Q: 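Sharing a structure, written as structure tokens. Questions coming.
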Amino acid sequence: MIDEIPKQYNPKDTEDKWYKFWEENNLFAAKTNPVKKPYTIVIPPPNVTGILHMGHALNNTIQDILIRYQRMKGLEALWMPGTDHAGIATQNVVEKAIAKEGLKRQDLGREKFIERVWAWKEQYGSTIIRQLKKLGASCDWKRERFTMDEEYSEAVKDAFVMLWKKGLIYQDDKIINWCPRCQTALSDEEAPHRELQGNLYYLKYPFKDNPDEFIVVATTRPETMLGDTAVAVNPKDKRYKKLAGKTLILPLINREIKIISDTIVDMQFGTGAVKVTPAHDPNDYSLGKKHHLEFIKVMHPDARMNENAGDYQNMDRLEAREVILEDLKEKGLLEKVELHPLSAGHCYRCHTIIEPYLSRQWFVKMASLAKPAIEAVKKGKIKFHPQRWTKVYLNWMENIQDWCISRQIWWGHRIPIWYCLDCKNAAMASVETPVKCIKCGSTNIEQDRDVLDTWFSSWLWPFATFKSKEDLRYFYPTSSLVTAPEIIFFWVARMIMAGLEFQNKIPFKDVYIHGTVRDIEGKKMSKSLGNIIDPLEIINEYGADALRFSLISITAQGQDVYLSKERFEQGRNFANKIWNASRFILMNLDTAQIKTDLCVFFKKEGLSLTNRWILSRFYSTLKDVEKSLGNYQFNEAANLLYGFFWHEFCDWYLEIIKADIQNPHNQMVMYKILEKSLRAMHPFMPFITEELWQRLSASEDSSIMIQSWPHIQGDIIDLKSERIMAEVLEIITGIRNMRLELDIPPQADNIAAKIFIPHNHKKEVVESFTEQIKSLARLKQLTILSEYKRASGEFASVVKDAHIVIPLFGVIDLEKHKEKISSKINKAEAEINAKEKMLGDKNFLKRAPREIVEKEQEKLKNLKERVQKLKGVRDALK
RNA sequence: GGGCGAUUAGCUCAGUUGGUUAGAGCGUCUGAUUUACAUUCAGAAGGUCAGGGGUUCAAGUCCUCUAUCGCCCACCA
């Protein structure tokens with residue numbers, strides 16, 4: 001048998017094998033089951049363009065732990081998988097691909113191009129799915145969805161039309177975020193602000209009636225001056241009071257523009273006079289509307305200057321900026337340039353600087369959608385973990401802006417709006433492609449050319465992924481959503497709104513927001529920084545279980561993770577430890593005996609103390625693990641299992657029973673604990689636990705995946721050291737309000753006890769502790785067993801008839817404790833002296849304000865009281 | 001300008017109703033091991049828990065102020 005089990009665990013021998021086994025036996029599948037309660041998670045659908053990175057690895061490991069745990073707990077656990085069509089991202093990828101053939105998407109035309117995208121998707125779109133399988137994700141793959149599936153597209157259209165009918169969708173000319181590279185509008189969330197080191201340019205605009213006089217305006221984007229149609233000043237500003245209504249000559253363009261006055265102008269900023277470019281700035285836009293100014297666009301959609309830009313036509317915006325500045329300088333119209341840090345929106349797909357751009361787009365009115373979504377969270381129907389994200393969510397929701405949903409790209413859900421070319425301006429929304437205009441009956445109709453924001457389909461994900469009503473009724477609302485903080489606004493908030501709007505139900509009950517995976521220097525992992533640790537490489541080198549375990553054990557709830565490769569050694573070592581402990585047990589297990597005794601449950605009295613101890617530790621660990629998992633403290637749960645299995649079960653229990661390993665009780669207990677530990681560790685490390693469970697298992701053709709989570713045996717008390725140490729401490733400090741439960745009867749004068757301490761300590765330390773316990777607990781006899789005795793050979797025999805087993809992690813040092821209190825007293829007394837001296841000083845009393853004196857007197861009083869108390873404790877110690 | 005997080009051992013970090021002598025992993029040093037595992041075992045060194053003030057018998061933990069770093073949000077031209 002020994003020959004069969006290698007000394008080292010090799011993940012490559014097991015992982016793919018068991019994954020295949022699970023899939024072939026359909027163990028991931030969930031179906032409506034009237035006798036079971038459902039537990040549902042929908043995966044945050046990765047982009048089809050995605051490849052697995054550490055963020056995915058963390059995100060999906062957490063989901064898999066939850067799913068596997070709940071499945072073992074007896075719930076009908078469904079993990080719904082799928083991918084997102086990721087409009088802009090995917091289009092960019094395919095555009096790059098065809099660029100290698102020297103083609104642009106316009107060369108192919110819309111239909112051909114979309115065909116190419118689909119072809120690309122067929123070929124590469126399931127990369128990330130394969131990678132998730134490598135990780136061990138137990139998704140119900142037969143339900144895999146794609147946000148451009150036919151049924152899904154129907155749901156998107158339905159949602160659009162429903163909103164349209166309620167009047168929540170409208171078209172308008174607004175200043176939106178425009179990405180000149182992707183050539184599309186973006187929502188506010190898609191254009192995050194980044195700090196830039198920019199300049200503030202002071203430009204001189206001459207007056208029409210006196211070209212030698214100027215008004216000076218400050219701007220960070222001088223190229224937009226070509227589109228200026230006014231200069232605004234604050235009516236309260238004395239400097240400019242008389243100038244309102246005067247006419248200026250816009251340099252370079254020589255257009256006449258007026259000085260207008262508006263209270264919105266900040267007098268403190270720049271010169272207090274601001275150039276107004278209504279077509280290229282959101283503030284200026286509203287000024288333009290209010291004052292009926294002209295809207296002059298000076299750029300093409302690709303951010304080259306257009307025909308309104310005079311001599312600068314066709315220059316790129318940044319090139320034009322330089323030339324314009326040169327020209328102004330030459331004319332003496334550039335007063336000065338100051339360094340000015342500013343923040344500008346950047347495209348979240350290609351990082352190009354966003355251009356605020358005036359264009360006609362489709363919007364969703366958000367206020368009425370947000371209202372119930374705010375309520376749901378405020379009333380606690382949906383909970384965020386960690387809680388602090390609630391505030392972030394509410395803050396965003398309460399200041400929500402209308403959502404720009406149209407994108408000028410080709411890959412995506414085409415907006416289900418048709419225009420009648422005969423009776424102009426009539427737009428109609430329809431799920432089915434209409435045949436004729438509903439107003440004039442003309443068949444001369446055309447569909448809107450834009451597509452919807454990708455997130456307009458993702459926000460339906462928790463319900464649009466269910467094909468049958470039966471499934472929807474059973475699995476929706478889902479249970480938990482596990483995701484990263486970056487997409488709270490993009491996705492989480494919008495799903496809550498969509499769930500309530502379209503299903504009239506919240507989409508999930510719990511939202512667990514985990515941290516961001518960063519490199520060891522705290523930078524976000526990204527391709528461009530070259531600091532990526534590739535999860536697949538880690539799986540290859542250390543195994544998926546090691547990756548999962550390490551990742552989980554270092555991720556404190558919701559905190560960012562700083563990752564380096566060495567971190568995965570811990571997981572690999574743990575896997576190896578589990579492997580070898582199992583190997584040892586398998587080598588020494590009398591399987592025949594285990595099989596016949598399987599149904600026999602021991603009475604606790606019949607078990608040796610060692611066995612009772614390890615059982616108590618196992619169940620108490622299990623209890624803590626369940627508690628941690630219930631609170632989304634995955635690292636805690638993982639580390640509890642790690643500590644128990646390695647440092648208690650292996651280092652102590654197995655070492656102790658080695659001497660008497662054929663004892664039937666020892667056989668049974670070591671078997672039980674191993675088998676149950678494997679089950680408890682399975683959600684974290686699915687592959688190795690399956691492999692070992694199979695080797696250990698009496699029943700064949702089954703899987704650890706579908707075993708039940710171990711039950712906590714209630715009759716076994718935890719024999720941890722806390723209680724006795726609490727007693728000791730209580731006596732020492734004389735503090736009575738500590739909770740006290742002692743295994744030794746309080747009046748134990750006649751009881752002899754042997755205490756087993758499964759940790760190594762110096763001989764003197766153990767002996768001094770022995771004496772303390774003996775006198776404090778009033779025990780007649782007491783023997784402490786410890787590592788130094790194990791080495792000397794007495795170990796096994798003494799353990800056998802010990803009365804109490806205490807894993808001892810420390811020993812109270814009375815002297816040290818006294819010292820600590822004394823030093824506190826000294827410190828406080830010194831302070832009292834100082835204060836008394838100060839308060840005795842006549843000068844101080846005369847000059848200091850009365851409040852200060854009173855405050856000091858108060859402090860002195862407190863200090864004196866404190867010293868009294870401390871002295872009381874000190875005396876009690878004597 | 002608002003909001004949030006972090007500050008604990010040489011390094012990376014845990015520490016959720018305040019309560020043993022503040023822990024883990026890695027690193028360093030010392031020692032052990034023919035007999036499951038060197039991806040092992042035992043031990044040592046290393047901390048005024050960022051700083052000040054407060055509440056408490058008791059504070060890393062609660063309150064308050066300050067400092068440094070990081071993140072998010074915001075229409076400062």
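Proteins get letters first, then strands, A, B, ... in listed order; numbering begins at 1 in each. As the structure is a prediction and not an experimental result, all values here were calculated from the model.
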Q: Check whether the side chain of A:Gln633 and the base of B:rU16 form a donor-acceptor pair under 3.5 Å.
A: yes
Q: I need the CZ-P distance between A:Arg583 and B:rC37, as an integer number of Å.
A: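 Atom-to-atom, A:Arg583 to B:rC37, this comes out as 6 Å.
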Q: Measuring to OP1 and OP2 of B:rA36, would you say a side-chain N or O of A:Lys7 lies under 4.0 angstrom away?
A: no
Q: Between B:rC26 and B:rG18, how far apart are the C1' atoms? Round to whole Å, please.
A: 31 Å
Q: Ignoring hydrogens and angles, state whether a donor on the side chain of A:Tyr9 or A:Thr14 is under 3.5 Å from an acceptor on the partner side chain.
A: yes
Q: Determine the contact category for A:Asn399: base if any of its heavy atoms lies under 4.0 Å from a base atom, sugar-phosphate if only primed atoms, P, OP1 or OP2 are that close, otherwise nothing.
A: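 Here A:Asn399 touches no strand at all.
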Q: So does A:His647 get a side-chain nitrogen or oxygen closer than 4.0 Å to the phosphate oxygens (OP1/OP2) of B:rG25?
A: yes
Q: Only Watson-Crick and G-U wobble pairs with both distances less than 3.5 Å should count. Give RNA chain B in dot-bracket notation, marking inter-strand partners with |.
A: (((((((..((((.....[...)))).((((((....).))))).....(((((..]....))))))))))))....
Q: As a test of reading the structure: which of B:rA77, B:rU39, B:rC37 is closest to the side chain of A:Arg572, going by heavy atoms?
A: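 The answer is B:rU39, which lies nearest to the side chain.
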Q: Measure from CG on A:Asn631 to P on B:rG15 and round the result to the nearest Å.
A: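 Whole-Å distance recorded here is 12 Å.
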Q: Looking at every strand, decide which applies to A:Gln8 at a 4.0 Å heavy-atom threshold: base, sugar-phosphate, or nothing.
A: base
Q: By nearest heavy atom, map A:Ile264 and A:Glu636 onto RNA chain B; which one lands nearer the 5' end?
A: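 With A:Ile264 and A:Glu636 compared, the 5'-side residue is A:Glu636.
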Q: Any side-chain to backbone donor/acceptor pair from A:Asn666 onto A:Ile661? Under 3.5 Å, distance only.
A: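 Between the backbone of A:Ile661 and the side chain of A:Asn666 there is no qualifying donor-acceptor contact (under 3.5 Å).
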Q: Of the listed nucleotides (B:rA77, B:rA74, B:rC72), which one gets closest to any side-chain atom of A:Ser343?
A: B:rA74
Q: For nucleotides B:rA45 and B:rU28, find the distance between their C1' atoms and express it as a whole number of Å.
A: 9 Å
Q: Expressed as a whole number of angstroms, how long is the span from A:Asn395:CG to B:rC72:P?
A: 15 Å
Q: A:Leu200 has an atom CG; how far is it from atom P of B:rA77, in whole Å?
A: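 Computing the A:Leu200:CG to B:rA77:P distance gives 8 Å.
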Q: Expressed in whole Å, how much space separates the C1' atoms belonging to B:rA74 and B:rG3?
A: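 Here B:rA74 and B:rG3 have their C1' atoms 11 Å from each other.
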Q: Pick one: which of A:Val216, A:Val265, A:Ile257 meets side chain to side chain contact (heavy atoms under 4.5 Å, CB included) with A:Val231?
A: A:Ile257
Q: Over how many whole Å does the gap from A:Ile657 atom CD1 to B:rA36 atom C1' extend?
A: 12 Å
Q: Among A:Tyr542, A:Phe568, A:Phe574, whose ring pair (Phe, Tyr, Trp, His ring centres under 6.0 Å) with A:Phe549 holds?
A: A:Phe574
Q: Can you confirm whether or not the ring centre of A:Tyr512 sits under 6.0 Å from the ring centre of A:Phe634?
A: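 They qualify: ring centres under 6.0 Å apart.
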Q: Given that A:Lys577 and A:Gly270 both sit by RNA chain B, which one's nearest nucleotide is further toward the 5' end?
A: A:Lys577
Q: May I ask you to say what A:Arg388 touches in the nucleic acid, namely base, sugar-phosphate or nothing, with a heavy-atom cut-off under 4.0 Å?
A: sugar-phosphate
Q: Kindly indicate whether a cation-pi arrangement holds for A:Lys658 with A:Phe584, taking the cut-offs as under 6.0 Å to the six-membered ring centre and within 45° of the axis.
A: yes
Q: Write down the distance separating the P atoms in B:rC63 and B:rU17, rounded off to the nearest Å.
A: 14 Å
Q: Could you pull out every donor-acceptor pair under 3.5 Å between side chains of residues 336-343 of chain A and any protein atom, sequence neighbours left out?
A:
from	atom 1	to	atom 2	distance (Å)
A:Lys336	NZ	A:Glu338	OE2	3.3
A:Glu338	OE1	A:Tyr202	OH	3.0

Q: Check every atom of B:rC72, B:rA74, B:rC4 against the side chain of A:Lys391 and return the nucleotide holding the closest atom.
A: B:rC4
Q: Say you pick atom P in B:rU8 and the same atom in B:rU48; how far apart are they, in whole Å?
A: 11 Å
Q: Among B:rA36, B:rA77, B:rU40, find the nucleotide with the atom closest to the side chain of A:Asn573.
A: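 Looking only at heavy atoms from C-beta outward on A:Asn573, the closest nucleotide is B:rU40.
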Q: If you check the A:Asn283 side chain, which of B:rA77, B:rC75, B:rC37 turns out closest?
A: B:rC75
Q: How would you label the contact of A:Phe489 with the nucleic acid (heavy atoms, under 4.0 Å): base, sugar-phosphate, or nothing?
A: sugar-phosphate
Q: A:Asp651 side chain: which of B:rU39, B:rA36, B:rA42 is closest?
A: B:rA42
Q: When the distance from CG of A:Asn588 to P of B:rC37 is rounded to whole Å, what number comes out?
A: 12 Å
Q: Side-chain donor-acceptor pair under 3.5 Å between A:Asn635 and A:Ser553, yes or no?
A: no
Q: To the nearest 0.5 angstrom, please state how far the CG atom of A:Asp284 sits from the OG1 atom of A:Thr224.
A: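 Those atoms lie 7.5 Å apart.
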Q: Counting any heavy atom closer than 4.0 Å, what does A:Val217 reach on the DNA or RNA strands: base, sugar-phosphate only, or nothing?
A: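 A:Val217: no heavy atom of the nucleic acid under 4.0 Å.
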Q: Throw together a table of side-chain donor-acceptor distances under 3.5 angstrom for residues 383-392 of chain A, partners on residues two or more places apart or in other chains.
A:
from	atom 1	to	atom 2	distance (Å)
A:His385	NE2	A:Asp510	OD1	2.9
A:Arg388	NH2	A:Gly558	O	3.2
A:Thr390	OG1	A:Gln387	O	2.7

Q: Please report the distance separating the C1' of B:rC65 from the corresponding atom of B:rU55, rounded so that it comes out in whole Å.
A: 15 Å
Q: Under 4.0 Å between a side-chain N/O of A:His340 and OP1 or OP2 of B:rA77, yes or no?
A: yes
Q: Whole angstrom is fine here: how far is it from CG in A:Leu293 over to P in B:rA77?
A: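 So the CG-P distance, A:Leu293 to B:rA77, works out to 20 Å.
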Q: Taking the same atom, C1', in B:rA6 and in B:rC13, what whole-Å distance lies between them?
A: 12 Å
Q: Can you measure A:Tyr393 atom OH to B:rC72 atom P for me and round it to whole angstrom units?
A: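 After rounding, the gap between these two atoms is 21 Å.
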Q: Give a yes/no on whether any side-chain N or O of A:Lys658 is located under 4.0 angstrom from OP1 or OP2 of B:rU35.
A: no
Q: Sticking with atom P, work out how far B:rG70 lies from B:rG19, rounded to a whole angstrom.
A: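 Result for the P pair: 32 Å, nearest Å.
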